[in-house]
2 protein chains.
Amino acid sequence: MIVTLYVDNVNIKFILCYNRTKFSERKYVEVSNETYHHVNLKAELIEKGLKLLDEEGYENFSLRKVAKACNVSHTAPYRHFSSKDDLIMAIAFEAHYKFNQCLEEAVKKYPNDNKSQLKEMGYSYVKFFVENPEYLRLLFLSDLANNFKNKHFDTYENCEQPFQTFYRAVERLQEESKNHAAGNDADPNAMALSCWGLVHGMAILIAKKDFAYEGDYLELVKKILWSGSFLSR
Amino acid sequence: MIVTLYVDNVNIKFILCYNRTKFSERKYVEVSNETYHHVNLKAELIEKGLKLLDEEGYENFSLRKVAKACNVSHTAPYRHFSSKDDLIMAIAFEAHYKFNQCLEEAVKKYPNDNKSQLKEMGYSYVKFFVENPEYLRLLFLSDLANNFKNKHFDTYENCEQPFQTFYRAVERLQEESKNHAAGNDADPNAMALSCWGLVHGMAILIAKKDFAYEGDYLELVKKILWSGSFLSR
DNA sequence: TACACTATGTTTACATCGTCAACATGATAG
DNA sequence: CTATCATGTTGACGATGTAAACATAGTGTA
């Protein structure tokens, strides 16, 4: 049942929920969306799940903990997700979106300079995963991430956007320098793999703390991306 | 590795195992077939564990399955490893050893050419993980790998060898080109991070099938490593 | 030889986990 | 008013990691 209240002239909608075991102990929980029922818990599961993933790490993540965080029985998530993996995929979708936003902001920073776009994007790429190390697993390193594309390409087609954003920048640069390109830069695949590989590798090494360095990692990355050997010609 | 020998018409099984702390002291220990005490269960757990990891993947790996594969009760591994993580660390140790061997072979291929050494090592690096994708998680991508160094540096100190092998090659190259180095190549950290990052990133992208390419991946990697933009100056 | 100690097995038990089946409730459509 | 469907709940299951208590075998020592 939906309850509408006016607090300080603001219209707030509530949904009537019930407590875990006893129907007598009911409480009101705010609804984030106009649509009632299903949408609410689903969104909350994704949100709390992402938080849990951040806080406790991928390997300590459990469906039951997410359910508990939402004050809901341990099987309630099954009304919205077919399995634990399905929930994780939905969370990964959310992460893809954030990651893509991050890359697109980098592109916007240099509207007319393809090289700078790619360098800035590389920097943002590394920075994003250094700041959100759990997303690394979500997007790339788990078994799930491996199957993400194949299994859910239709449902979550937007998840491919980060890669598209990256590739498009590479393509633009190649188009621009087509005439005087030589070596790797003449081979689109070689250029894409080397650009992406470098950035991807640095992000993982730093985020996973495999690269020991006393100074500021991100400054080092900036130095690498903006100097000679990267996109030099 | 299990070795079967016939001595005086008697079939004797041996297991190739290693001493807890030292890599170099590998020895053969006899396995008795039908005794209550399984003479070399520790080595067998590592061996079967590695096999299981290869076959079923990291996320489907379980202590109880390894125990079953060794025909032993599900708590027997606790006599040799303090936890599941401890077993995985021992397996990771084994994987580190193989990986390092792979890198050192690459170095030996070009005894007097530092640049070629590094290129060949990069190629072997990628090839190794493309051929053994589960090792990627074992060595780098699991939560455990994250803590590997800190927790077990003393016990498994040799596990650092692959990185040392890599770093030494970078150092040699830098020493060699010290006089005419410029840009990144003048900064050891920048050079190490960019070299390692590129190779690491390509290995992961290809092994995890995140980089879509119709042709031969390894040829593409070779092209990248042996042409202009990598170690060019 | 006898015996105690230690290393290395076993069984049992427990909490947590993902998942399923059976059931309850509440919104909604007829 | 009632049947149906969406979305909750409880309870059960087997798999898992791990701890505790117990069993056995090999070893060292009297």
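Since the structure is predicted, the reported quantities are computational estimates derived from the model, not experimental observations. Reminder, nothing fancy here: chain letters follow the sequence lines and each chain counts from 1.
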d([atom1], [X]; [atom2], [N]) in whole Å:
X: Lys42(B); N: dA7(C); atom1: NZ; atom2: C1'; answer: 13 Å
X: Glu59(A); N: dG18(C); atom1: CD; atom2: P; answer: 14 Å
X: Ile88(A); N: dC17(C); atom1: CD1; atom2: P; answer: 13 Å
X: His80(B); N: dT8(C); atom1: NE2; atom2: P; answer: 6 Å
X: Arg79(A); N: dT10(D); atom1: CZ; atom2: C1'; answer: 12 Å
X: Lys68(B); N: dT10(C); atom1: NZ; atom2: P; answer: 13 Å

Please name all residues satisfying salt bridge (Lys or Arg N to Asp or Glu O under 4.0 Å) with Glu104(A), sequence neighbours left out, ordered by chain then number.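 Not a single residue meets the salt bridge (Lys or Arg N to Asp or Glu O under 4.0 Å) criterion with Glu104(A).
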Under the salt bridge (Lys or Arg N to Asp or Glu O under 4.0 Å) test, residues paired with Glu171(A) that sit two or more places apart: none
Residues Cys70(B) and Leu45(B): closest non-hydrogen pair is SG-CD2, 3.8 Å
Polar atom pairs between nucleotides 17-19 of chain D and protein, under 3.5 Å, N or O only, would you list them?
residue : atom : partner  : partner atom : Å
dG17(D) : OP1  : Leu63(B) : N            : 3.1
dG17(D) : OP1  : Lys84(B) : NZ           : 3.1
dG17(D) : OP2  : Leu63(B) : N            : 3.1
dG17(D) : OP2  : Arg64(B) : N            : 3.3
dG17(D) : N7   : Arg64(B) : NH1          : 2.4
dG17(D) : O6   : Arg64(B) : NH1          : 2.9
dT18(D) : OP2  : Tyr78(B) : OH           : 2.9
dT18(D) : OP2  : Lys84(B) : N            : 2.8
dT18(D) : O5'  : Tyr78(B) : OH           : 3.1
dT18(D) : O4   : Arg64(B) : NH1          : 3.3
dT18(D) : O4   : His74(B) : NE2          : 3.2

Tyr167(B) OH: over 12 foreign heavy atoms closer than 6.0 Å: yes
One thing to verify: whether Glu131(B) and Lys127(B) come together as a salt bridge, which I'm taking to mean a side-chain N less than 4.0 angstrom from a carboxylate O.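 Yes, Lys127(B) and Glu131(B) are salt-bridged.
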Let me know which of Asp86(A), Leu50(A), Val66(A), Leu52(A) forms a side chain to side chain contact (heavy atoms under 4.5 Å, CB included) with Ile91(A). Leu50(A)
